[in-house]
Asks: 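Pasting a structure below so you can have a look.
Order of the sequence lines fixes the chain letters, A, B, ..., with proteins taken first and strands second; residue numbering starts at 1 for each chain.
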Amino acid sequence: MDAQLLTELEKLLGAENVLYKAEDLLLYEYDGSVEVARPNCVVFPKDAGEVTALVALANRFQTPIVGRGAGTGLSGGALARTGGMLIVFSRMNRILHVDAENQRAVVQPGVVNADLSAAVVHLGLHFAPDPSSQKACTIGGNVSENSGGPHTLAYGVTTNHVVAMQIVLPTGELVRIGSSAVDAPGYDLTGLFVGSEGTLGLVTEVTVKLTRLPEETKTLLAIFDRVEDCTETVADITARGITPAACEMLDGWSLRAIEAYIHAGYPVDSAAVLLIDVDGLREAAAVQSEQVADVCRAHHAREVRLAKDTRERDLLWKGRKNAFAAVGRLSPSYYVQDGVIPRTKLPETLRRIEEIGKKYGFEIGNIFHAGDGNLHPIVPFDARDAEQFRRAVAASDEIIEFCVAAGGTITGEHGVGMEKDRLMPLMFSEAELELMKRIRNAFNPAGLLNPEKIFPASKGCGEIRSRPKRAVQEVGVA
Amino acid sequence: MSTPAAPGAVSRLEGIVSVGAFSAEPAKLAAYAVDGIAPSAAVRPGSPEEICEVVKFAAAENLAIIPCGARTKIGIGLAPRRYDIALDLTRLNQVVAYDPGDLTLSVEPGVLLHNLDRELGKHGQMLPLGAPFLASATVGGTIVSGVDGPLRQFYGTARDFVLGMEFVNGEGVAGKSGGRVVKNVTGYDLHKLMIGSLGTLGIVTRINFRTFPAPQEVRAFAVHFASAQDAAECRDAVAASALRPLTFEIASPAIANLFTRAAAFQAEPLPSGIFSPREWTLITSFAGTGAVLDRCESDLRKIVEAAGGSHFVRIGGGAAEKELSHVSAVITRLREFAPIALAASPACTIAKISVLPEHLEHALAAAKHAAEDHSLPWAAMARGLGVIYVALLPEERSEKAMNCVVASMNRIQEDCTRLEGHCTIPWCPLEWKSALKIWGPDRDDLPLMQKVKTVFDPRGIFAPGRFMGGI
């Protein structure tokens, strides 16, 4: 760590907002993924002016900079892969403006996702993207990763809910893109920046759409004795033109892990369940919940439970949203993938995942956003055993390759980051990646902002993976 | 101004594209004119590979290309700085993949929108673009021109349901982004940049969409309000209620005559009394089962009464063919507002305004005053989520009319800026373009857009000069 840079940082932010001692940096080596990377320093700016000044310093000292919210990300997006300065937005956590009439909110990037919804619930509104880590993850992180969540099935992902941003570019300029009113003229820069994984700019302010809360939500738990029945139900719900607000699948392995931890009331003796929300007007929710229940029964659901009150509903969802924390109690480490498949391919994909598990000697758990074909297969492994880790990665890669071959993609909501960069060639040719890289280089010409993310290292570099972390943090996953 | 390319260069194009895909006949080229400028050649390639070759050639020879489909919206944007090759995409007209079970669709840009609607309809599905010029528009042109439709109230715009695209960049290299699944964060969302880009970034060769189940039943309602303010108040009340309308449009009094007389739609006659010639008319529709629609109707009726609406009329809602056609006659005209207005005046000039919903009434008032102060006939259609199309309808295409229109539009644009909104002018007589601020005032993020343009089209051969800031 450059002593002069440190002096400048402390002068700019105050010593209490700059961390650089090894023991202080430890926490910031991790996010929610299995990746590890240590920054040289961690800084906590309080406003866009300070962020601009930090970027100017980084340019002067040629130090890499990486933005970070709560560090709940699942692809290493907020890790300082090449060291340098980690800019943590936890002090920029104010909701600047709520405009109920126009259904907009202007927030700083460090606002916690669930806090925003809680702040507007009395207005009958909420911020619709709901990653499972929503009690900790920040809007800035959601914007960078274009986060999803269970209810994005009906409501859309983060990009569908962001209309404008203030950004500090890696070159140090403070700019505004998009607008609070819809249809800002010109190229859709907001659409480009959302999901760019912190490689194009540092977000210092976000204008989001707020969504009216539905009049009624009904939560159903459909219990199946055969996994195939469960996956076929999902395909059939889609085919019949029913759009639930959420449609999550948990297999028996995951159910048992969750039940041991949360006591959500999941049936531990079943093969799989679907957790389904339908919402809207009272009349619409009533009809839809009947339609959904009928489809479940037609596919031999053993039982279809309807949560009878908010408490029961919240408990069912608490189980789902803490699923990964529950898995963490069972296995020293686990590797979660985020592949997406066309929804009709769900039954064959699950069969394939089981085969892959057998081949590599793992019992792979499955917690899916089934309604939109977004899979989260969990490969539990012991990170102390390097050979097991290699097998876990190999099994996960094989699942991802299957997803891509089925017409899907390598990541639905977690991002590429430093975890899946090597998988990018499965999706894009060299020329296609080159064009994306040129976009990055146009905004990030010196390559100081979030280096070595998204794009695979140049050829001939060999396969170097960072070591897995020692313990699993208790973080939720979308 | 158009710089004619060396004739030799353009004629060598013929050897690059497949037989019959090249034309340099003046009569044919005239049909490809953009803002009065005809190209030196037109090509109709049959594959993305052929497009790559054409673009590589054009890049090497520094020839300017404007891509086109059915050319229904080719007049949108500034006049091109130069224009050598018309790249006609209508031969790329295949549905590449349609998986009803997955609700995903992959099409080439030249597919006709109405053919696609029919194909999806067979499976009880739809693509909620609901865009104007439906009778002849292509999917590609609809996406790249960035037009919207009434269904955006419920489904959002193309940026919300385009899943990915393939395109050819300004160096003739094929690129892509996104994919064919409904959830995907792999790589940058370059396809979002293509929407509304007027072909200035790339030649789109494939578009992937998510499709939607078509509503089981649709019921529309019409209500009259004494003022735009009352109608806007009703909008606010609906937005604050549990109702989620499928469409929500407010029409100015002049629309009644405009729509009744619309010659192109006489096959679908408008039921009488829906649009008031003296008052503002709200048209809103809902989808769902009978019970849901009954509830929507009763809630809406209460809201409307409180907001001072009158002549509450239910359009359709029965299974009777006649009633269904009434809903269609009304929604079609709302969708086709721009072409209907364009046909109604020899010098129709249309502004597209976007403001926060609370400013709808202020923007409508600004439009009314700007038009009436210059004695210009006008009509406006406002969408509930904050978009207004204002058509100024001079009776003649004269210099005097131009001065009036320019003065009115300048004032509307100033007012929109004050309301923190936007006002662009997608349609106006060609010779008035240079007098109007087609793209509205300059935006602070224009330098970033220029960066994007340079990445995609480093030699500046795609539709040069047509986009905001002369991009």
Asks: Using the benzene-type ring in the case of Trp, are the ring centres of Phe161(B) and Tyr155(B) under 6.0 Å apart?
Replies: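 Distance test on ring centres: not under 6.0 Å, no.
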
Asks: Using heavy-atom distances under 4.5 Å, tell me whether Asp372(A) contacts chain B through its side chain, its backbone, both, or neither.
Replies: both

Asks: Go through the atoms of Leu169(A) and report whether side chain, backbone, both or neither lie under 4.5 Å from a heavy atom of chain B.
Replies: side chain

Asks: Counting N and O atoms only, with roles assigned by atom type, does the side chain of Arg212(A) sit under 3.5 Å from a partner on the main chain of Ala239(B), one being a donor and the other an acceptor?
Replies: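 Yes, Arg212(A) side chain to Ala239(B) backbone: donor-acceptor pair under 3.5 Å.
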
Asks: Do the charged groups of Glu171(B) and Lys56(B) touch, with an N to O distance under 4.0 Å?
Replies: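 No, Glu171(B) and Lys56(B) are not salt-bridged.
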
Asks: Using heavy-atom distances under 4.5 Å, tell me whether Arg159(B) contacts chain A through its side chain, its backbone, both, or neither.
Replies: both

Asks: Is it the side chain or the backbone of Leu123(A) that comes within 4.5 Å of chain B heavy atoms, both, or neither?
Replies: neither

Asks: Considering only NZ, NE, NH1 and NH2 on the basic side and carboxylate oxygens on the acidic side, decide whether Asp102(B) and Arg210(B) come within less than 4.0 Å.
Replies: no

Asks: Pick from Gln125(B), His191(B), Arg152(B): which one has the most heavy-atom pairs with chain A under 4.5 Å?
Replies: Arg152(B)

Asks: Does any heavy atom of chain A fall under 4.5 Å from the side chain of Phe467(B), the backbone, both, or neither of them?
Replies: side chain

Asks: For Met424(A), is it the side chain, the backbone, both, or neither that has a heavy atom closer than 4.5 Å to a heavy atom of chain B?
Replies: side chain

Asks: Below 4.5 Å, heavy-atom pairs only: which of Leu190(B), Val173(B), Asp444(B), Thr104(B) has the largest tally toward chain A?
Replies: Leu190(B)

Asks: Does the distance from a Lys or Arg side-chain N to an Asp or Glu carboxylate O, for Asp183(A) and Lys352(B), drop under 4.0 Å?
Replies: yes

Asks: Go through the atoms of Pro215(B) and report whether side chain, backbone, both or neither lie under 4.5 Å from a heavy atom of chain A.
Replies: neither

Asks: Between Gly178(B), Gly175(B), Ala240(B), which residue shows the highest count of heavy-atom pairs closer than 4.5 Å to chain A?
Replies: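 Winner by heavy-atom pair count: Ala240(B).
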
Asks: Need one label for Val182(A): side chain, backbone, both or neither, based on atoms under 4.5 Å from any heavy atom in chain B.
Replies: both

Asks: Can you say whether Arg176(A) sits under 4.5 Å from chain B via the side chain, the backbone, both, or neither, judging by heavy atoms?
Replies: backbone

Asks: May I ask you to say whether Glu283(A) pairs ionically with Arg295(B), meaning some side-chain N is under 4.0 Å from a carboxylate O?
Replies: yes

Asks: Using non-hydrogen atoms and a 4.5 Å limit, figure out which bit of Asn441(A) sits close to chain B: side chain, backbone, both or neither.
Replies: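 Neither the backbone nor the side chain of Asn441(A) comes within 4.5 Å of chain B.
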
Asks: Heavy-atom cut-off 4.5 Å, strictly under: side chain, backbone, both or neither for Ile195(B) against chain A?
Replies: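 Ile195(B) has no heavy atom closer than 4.5 Å to chain A.
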
Asks: Under 4.5 Å heavy-atom distance to chain A, tell me which part of Ser241(B) shows up: side chain, backbone, both or neither.
Replies: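 Only the backbone of Ser241(B) comes within 4.5 Å of chain A.
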
Asks: Using heavy-atom distances under 4.5 Å, tell me whether Ile471(B) contacts chain A through its side chain, its backbone, both, or neither.
Replies: side chain

Asks: Please check if the side chain of Thr411(A) supplies one atom and the backbone of Gly415(A) the other of a donor-acceptor pair under 3.5 Å.
Replies: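 Judged by distance alone, yes, a pair lies under 3.5 Å.
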
Asks: Taking side chain as everything from C-beta outward and backbone as N, CA, C, O, which of these in Pro100(B) sits under 4.5 Å from a heavy atom of chain A? Side chain, backbone, both or neither.
Replies: neither

Asks: Measure distances from Ala174(B) to the heavy atoms of chain A and classify the residue's part below 4.5 Å as side chain, backbone, both or neither.
Replies: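 The answer is the backbone of Ala174(B).
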
Asks: So what's closer than 4.5 Å to chain B heavy atoms on Ala184(A): side chain, backbone, both or neither?
Replies: both

Asks: Verify, without hydrogens or angle tests, whether Asp457(B) (side chain) and Asn169(B) (backbone) share a donor-acceptor contact under 3.5 angstrom.
Replies: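 Here the side-chain-to-backbone pair does not exist.
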
Asks: Please classify the contact between Phe286(B) and chain A as side chain, backbone, both or neither, with a heavy-atom cut-off of under 4.5 Å.
Replies: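 Contact with chain A: none, neither part.
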
Asks: Using non-hydrogen atoms and a 4.5 Å limit, figure out which bit of Ser147(A) sits close to chain B: side chain, backbone, both or neither.
Replies: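 No part of Ser147(A) comes within 4.5 Å of chain B.
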
Asks: Of the backbone (N, CA, C, O) and the side chain (C-beta and beyond), which part of Glu216(A) lies under 4.5 Å from a heavy atom of chain B, both, or neither?
Replies: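 For Glu216(A), there is no contact with chain B at all, as no heavy atom is under 4.5 Å.
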
Asks: Quick one: do Leu163(B) and Asn184(B) satisfy side-chain contact (heavy atoms from CB on, under 4.5 Å)? Show the steps, please.
Replies: CA-CA 8 Å; Leu163(B) 302 175; Asn184(B) 190 357; over 6 Å; no

Asks: Would you say Glu248(A) and His151(A) are linked by a side-chain donor-acceptor pair, where the criterion is simply a distance under 3.5 Å?
Replies: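 Looking only at side-chain atoms, Glu248(A) and His151(A) do not form any donor-acceptor pair under 3.5 Å.
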
Asks: Which bit of Arg440(A) is near chain B, if near means a heavy-atom gap under 4.5 Å: side chain, backbone, both or neither?
Replies: both

Asks: What part of Gln103(A) lies closer than 4.5 angstrom to a heavy atom of chain B: side chain, backbone, both or neither?
Replies: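 Gln103(A) touches chain B through side-chain heavy atoms alone.
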
Asks: Taking every heavy-atom pair that is under 4.5 Å apart, which of Met468(B), Arg180(B), Met194(B), Met449(B) has the most such pairs with chain A?
Replies: Met449(B)

Asks: Between Arg235(B) and chain A, which part of the residue has a heavy atom less than 4.5 Å away: side chain, backbone, both or neither?
Replies: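 Arg235(B) touches chain A through side-chain heavy atoms alone.
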
Asks: Need one label for Asp148(B): side chain, backbone, both or neither, based on atoms under 4.5 Å from any heavy atom in chain A.
Replies: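 For Asp148(B), side-chain heavy atoms alone lie under 4.5 Å from chain A.
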
Asks: Quick check for you: among Leu243(B), Asp299(B), Leu198(B), Leu201(B), which has the greatest number of heavy-atom pairs under 4.5 Å with chain A?
Replies: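 Of the options given, most contacts go to Leu201(B).
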
Asks: Between Tyr188(B) and Glu197(A), do the side chains contain an N or O donor and an N or O acceptor separated by less than 3.5 Å?
Replies: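 Glu197(A) and Tyr188(B) do not have a side-chain donor-acceptor pair below 3.5 Å.
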
Asks: For the interface with chain A, which of Thr157(B), Thr289(B), Thr424(B), Thr200(B) has the highest count of heavy-atom pairs at distances below 4.5 Å?
Replies: Thr200(B)

Asks: Report which part of Leu435(A) has an atom under 4.5 Å of a heavy atom belonging to chain B: side chain, backbone, both, or neither.
Replies: both

Asks: Which of these passes side-chain contact (heavy atoms from CB on, under 4.5 Å) with Val157(A): Val194(A), Val162(A), Asn146(A)?
Replies: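 When side-chain contact (heavy atoms from CB on, under 4.5 Å) is applied between Val157(A) and each of Val194(A), Val162(A), Asn146(A), only Asn146(A) qualifies.
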
Asks: Go through the side-chain N and O atoms of Ser106(B) and Asn208(B) and say whether any donor and acceptor fall under 3.5 Å apart.
Replies: yes

Asks: Can you say whether Thr243(A) sits under 4.5 Å from chain B via the side chain, the backbone, both, or neither, judging by heavy atoms?
Replies: side chain

Asks: Please check this pair: side chain of Lys345(A) against backbone of Ala406(A), looking for a donor-acceptor N/O pair closer than 3.5 Å.
Replies: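 Checked: pair present.
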
Asks: Quick one: do Lys176(B) and Glu432(A) make a salt bridge, cutoff under 4.0 Å?
Replies: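 Salt bridge present between Lys176(B) and Glu432(A).
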
Asks: Taking atom types as modelled, is there a side-chain donor on His414(A) or Ser75(A) under 3.5 Å from an acceptor on the other?
Replies: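 Side chains of His414(A) and Ser75(A): no pair found under 3.5 Å.
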
Asks: Quick check: does any side chain N or O of Arg206(B) sit under 3.5 Å from a backbone N or O of Glu166(B), one acting as donor and the other as acceptor?
Replies: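 Pair absent, no side-chain N/O of Arg206(B) close to backbone of Glu166(B).
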
